[in-house]
Every structure is written in structure tokens, then in C-alpha cells.
J.: 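Once you've had a glance at the structure underneath, I'll fire off some questions.
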Amino acid sequence: MDYPGYLRLRELLSLQALESEKQGKVAHDEMLFIVIHQTYELWFKQILYELDLIQSIFAGSNVDDADLGRAVHAAERIVKIEQLLVGQVDILETMTPMDFLEFRNLLIPSSGFQSEQFRLLEVRLGLKREARLPFNDQSFDASLSADARKHIAAAEAGPSLRDQIDAWLARTPFLDKGGFRFREAFENALDAMLAHDMGQIAGHPHLSQTEKDVQIASLEKSRAMFDGLLDDARYAELRAQGAWTFSRKALQAALFLFLYRDEPAAHGGFRMIKALMDIDETLAIWRLRHALMVSRMLGRKVGTGGSSGYDYLRATADKHRAYNDLFAIATFLIPRSALPPLPEEVRKSMRYRYEG
Ligand code: HEM
């Protein structure tokens, strides 16, 4: 056992074969281009490895508390890796468009569209085929090898992490415990809060009637928005339109975990949700950074994979998101001071008990 042997450095360091060198004229920046892409693929491998662990934890019908801690830890690791991936763009941007032109044509028709691991990552996180932006009337896996397409199909057939999280959230206890009905208690607290706010606006000494009308209309709009999550029929309507993708039960549980996250039994769940949002957001930041880098490298040229380049990539930062629903929960948060207090029986069941 030694350092080069363990790390297989002889093989690893012989894997940077410059196409420009093969053509007899070394383009200096091609080495950086290869090393950067290879390190991305290595980090994708690590992210998929962490996803294996997280998905195995959420695979069963019960998630043990200790396992939830391990899942959160792995998810937070993924976020750190993604942050590094965003940072790597800075290094690649030290290559100027002119430097890139020295070897770009040698790469045609290879393209990021052929990264199997990136597609696996998207599918496993929960991005659905039908939610993807179309490009050139091709399916998203059309440029992959037949083998890679099989792997993608297998990942699509299994539950994604998003599906598993949906099922796990829907099983959250405490929402209907004893005489406690979270949805009812929350709606009552909400109505009391809005009535109080309306009263304050109506009696405000410095607002004109027009200003009051605007404020009151905005409060009424908020109430209608809350129905989008709390009212079964309205929720079903919105889900059919694609505005929600998670089940109503799961989202109400997510809301519960957001609101009562200080209770020990809610804390792990809240941290998991937060880590998933961080994973989603940091991936979107990478997509945006990559798109901006592409625009400075290529201007308005089409990509080597045939896409519109910048316009397509930029749009994916907005549209290729698997956890948008969790971000939407913020719409429904109310101040801590307006939170319905948990009945003692529920509160007790959410606290640590030492029975020594
Ligand atoms: C000079 C640097 C780069 C340029 C000019 C570039 C350009 C492009 C373009 C134009 C596309 C759209 C597909 C196409 O038409 O080819 C694309 C997609 C992609 N690139 Fe890059 N890229 C660069 C660096 C990177 C790096 C370092 C990675 C790291 C893995 C990467 C990963 C990807 C991935 C995963 C896609 C598919 C994205 C999607 O469909 O959402 N690219 N790239």
C-alpha cells in the first residue's frame, strides 16, 4: 500500500489526452478544459454515491431518527460539493473565448448533453421527463449512448428522491393527534391574524380610503392563496394545472415542520427539507453560472450538442427544478407570534424524554 498505488495515480494522470496535441498543435488551455470536466465527473460520482445512501434511507416505510441524521448529513455534503462545482466555473473562465477557439472545433459533436452522470443526478433528484424544456424536438437522453439510456430508464423507473420525500412527508405524525387537527388550528390562527390585520388597516389614522382598499385587497388575495394549500378542492385544481407536484398531505406536513421546527421531533425533518432546498438552489446557481460562462465563450453560437446554447441553458436554471414546491411553502408562513400553540399532549410527544 502506498499513495500512488492506492489512488491509482499512474492511470488517473494518464487520462488527459489533448485532442489538439494529437492534431500536432497543442492548444495550451485544452489541458484545463479536460481537467475541469474530469473533476466535475468525479464530483458527480460522489454526489450519486451520497444519493445512494440517502435514497436507501428513504426507501422503506419507516425512517429511523438516527438514519434521518445520516441522510441530512449526506445531503449537506452534496450542497458543499455543488458549491465547489459552482466555484470551478471561475477557474474555467480564466480561459478566454479566443483560447477556446484554438480547440473547440476538434470537440464537435461531443457536448455536455452526453454526460450520463449529470442526467442521472437530475433524474434521481426528481426532475421528470415531462417537466423538461424541449430542445430540437429531441428527448433529453437522445445524445446518450444506448447503455447510458438504459441506466437513465432504470433510474426513471424507480422512485426518485423527490417521490420518496413526498411519501415520507405524507407519513409525518403529529398533524392529527388526539384532539389536535393541524389544518383546522392553522386556519383559525390565520383567520384571526388576517382579521386583526384588516382591523388595523381599517382603523389606520394616516391611510386614505384608496390606500386602505389596496391593503385590504392584498390581504384578501393572501387568504385566497392559503386556500391553494389548505382547501382540498382548490389544491386538486392547482395540482392538475401543475402548480403543485407534491401531494397535499406532504406539503401540509412540510408547512407543519417549517412552523414548528423548534420542537425536537420536527427539527430533523426541517433540516432535511432545508438541505433539499439548498441542493436544488445550488444546482440552479450552477446552471446559471454555466449558462453565463457559455454566453461569454460562445456569444450566440449554437452549442456543439446543437442547442440554442445560452437561451436554453439559462431557461433550465428556472425550469429544471425538482423542489419548487418546498420553496412555495414560504408563501404560507405566519409569524411565530401568530402560531397556534400545540396542545400539551402533542408538544410532549415532540420533546426529548430521558427515562434513566
Ligand atoms: C468552455 C466551456 C463550456 C462551454 C462553451 C459549454 C457549452 C455548453 C452548451 C452550448 C451546452 C448546451 C448543449 C449543446 O448544445 O452542446 C452545454 C450543456 C451542458 N454542459 Fe457545458 N459547456 C462548457 C463547460 C462545461 C463544464 C465544465 C461542464 C461540467 C460538467 C459542463 C456540463 C454541461 C452539461 C451537464 C450540460 C447539459 C445541461 C442541460 O441540458 O441542462 N459544461 N454546455
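Just follow the structure's listing: the first ligand is 1, and inside any ligand the first atom is 1.
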J.: Test of understanding: given a 4.0 Å heavy-atom threshold, classify the contact between R119 and ligand 1 as side chain, backbone, both, or neither.
T.: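 The answer is the side chain.
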J.: Evaluating non-hydrogen atoms only, which member of V294, I91, L85, I108 is closest to atom 8 (C) of ligand 1?
T.: V294
J.: Counting from 1, what ligand 1 atoms have a heavy atom of G112 closer than 4.0 Å?
T.: 19 (C), 20 (N), 33 (C), 34 (C), 35 (C), 36 (C), 37 (C)
J.: Whether E116 and R119 form a salt bridge (side-chain N of Lys/Arg under 4.0 Å from carboxylate O of Asp/Glu) is what I want to check.
T.: no
J.: May I ask you to decide whether D318 forms a salt bridge with R287, counting only side-chain N to carboxylate O separations under 4.0 Å?
T.: no
J.: Apply side-chain hydrogen bond (donor to acceptor under 3.5 Å, both in side chains) to E50 and Q46, showing your working.
T.: CA-CA 6 Å; E50 301 300 340; Q46 185 67 38; 2.8 Å; yes
J.: Within the 4.0 Å heavy-atom shell around F118, which atoms of ligand 1 are there?
T.: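 In order of numbering, the contacting atoms are 35 (C).
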J.: In ligand 1, which numbered atoms sit nearer than 4.0 Å to a non-hydrogen atom of R287?
T.: 41 (O)
J.: F33: heavy atom below 4.0 Å from ligand 1, yes or no?
T.: yes
J.: Going by the atom numbers of ligand 1, which of them fall below 4.0 Å from some non-hydrogen atom of M293?
T.: 2 (C), 3 (C), 23 (C), 24 (C)
J.: Considering distance alone, does some N or O of H290 sit under 3.5 Å from an N or O of ligand 1?
T.: yes
J.: Taking the non-hydrogen atoms of M95, is any one of them nearer than 4.0 angstrom to ligand 1?
T.: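 Distance cut 4.0 Å: M95 passes for ligand 1.
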J.: Any nitrogen or oxygen of Y40, side chain or backbone, less than 3.5 Å from one on ligand 1?
T.: no
J.: Less than 4.0 Å is my threshold; does some heavy atom of W286 fall inside it relative to ligand 1?
T.: yes
J.: May I ask you to list the atoms of ligand 1 that are less than 4.0 angstrom from any heavy atom of Y312?
T.: 39 (C), 40 (O), 41 (O)
J.: Between V89 and ligand 1, which residue portion shows a heavy-atom distance shorter than 4.0 Å: side chain, backbone, both, or neither?
T.: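 Within the 4.0 Å criterion, V89 makes no contact with ligand 1.
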J.: Are there more than 12 heavy atoms of other residues, nucleotides or ligands under 6.0 Å from atom OH of Y49?
T.: no
J.: Looking at E187 and R223, is any side-chain nitrogen of the basic one under 4.0 Å from a carboxylate oxygen of the acidic one?
T.: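 Yes.
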J.: Give me the one residue out of R124, R132, R129, K150 that meets salt bridge (Lys or Arg N to Asp or Glu O under 4.0 Å) with E156.
T.: R129
J.: Hey, is CZ on R314 packed in by over 12 heavy atoms from elsewhere, all under 6.0 Å?
T.: no
J.: Which of the numbered atoms in ligand 1 are under 4.0 angstrom from any heavy atom belonging to S111?
T.: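 Listed by number with element: 13 (C), 14 (C), 16 (O).
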J.: In plain terms, say whether K128 and D163 are close enough for a salt bridge, that is, a side-chain N and a carboxylate O under 4.0 Å apart.
T.: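 Yes, this pair counts.
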J.: Taking the ring of F100 and the ring of F103, is the distance between their centroids below 6.0 Å?
T.: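 Yes, the ring of F103 comes within the 6.0 Å limit of the ring of F100, centre to centre.
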J.: Please state which option from H320, H37, Q88, E41 has its nearest heavy atom closest to atom 28 (C) of ligand 1.
T.: H37
J.: Indicate yes or no: does R289 engage E93 in a salt bridge with an N to O separation below 4.0 Å.
T.: yes
J.: Contact between Y310 and ligand 1, counting heavy atoms under 4.0 Å?
T.: no
J.: Have a look at ligand 1 and work out which part of F140, if any, has a heavy atom under 4.0 Å from it: side chain, backbone, both or neither.
T.: neither
J.: Is it the case that the side chains of D213 and T210 hold a donor-acceptor pair, with the cut-off being a distance below 3.5 Å and no angle test?
T.: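 No, because no side-chain N or O of T210 sits under 3.5 Å from a partner of the opposite role on D213.
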J.: Could you list which atoms of ligand 1 come closer than 4.0 Å to a heavy atom of I36?
T.: 27 (C)
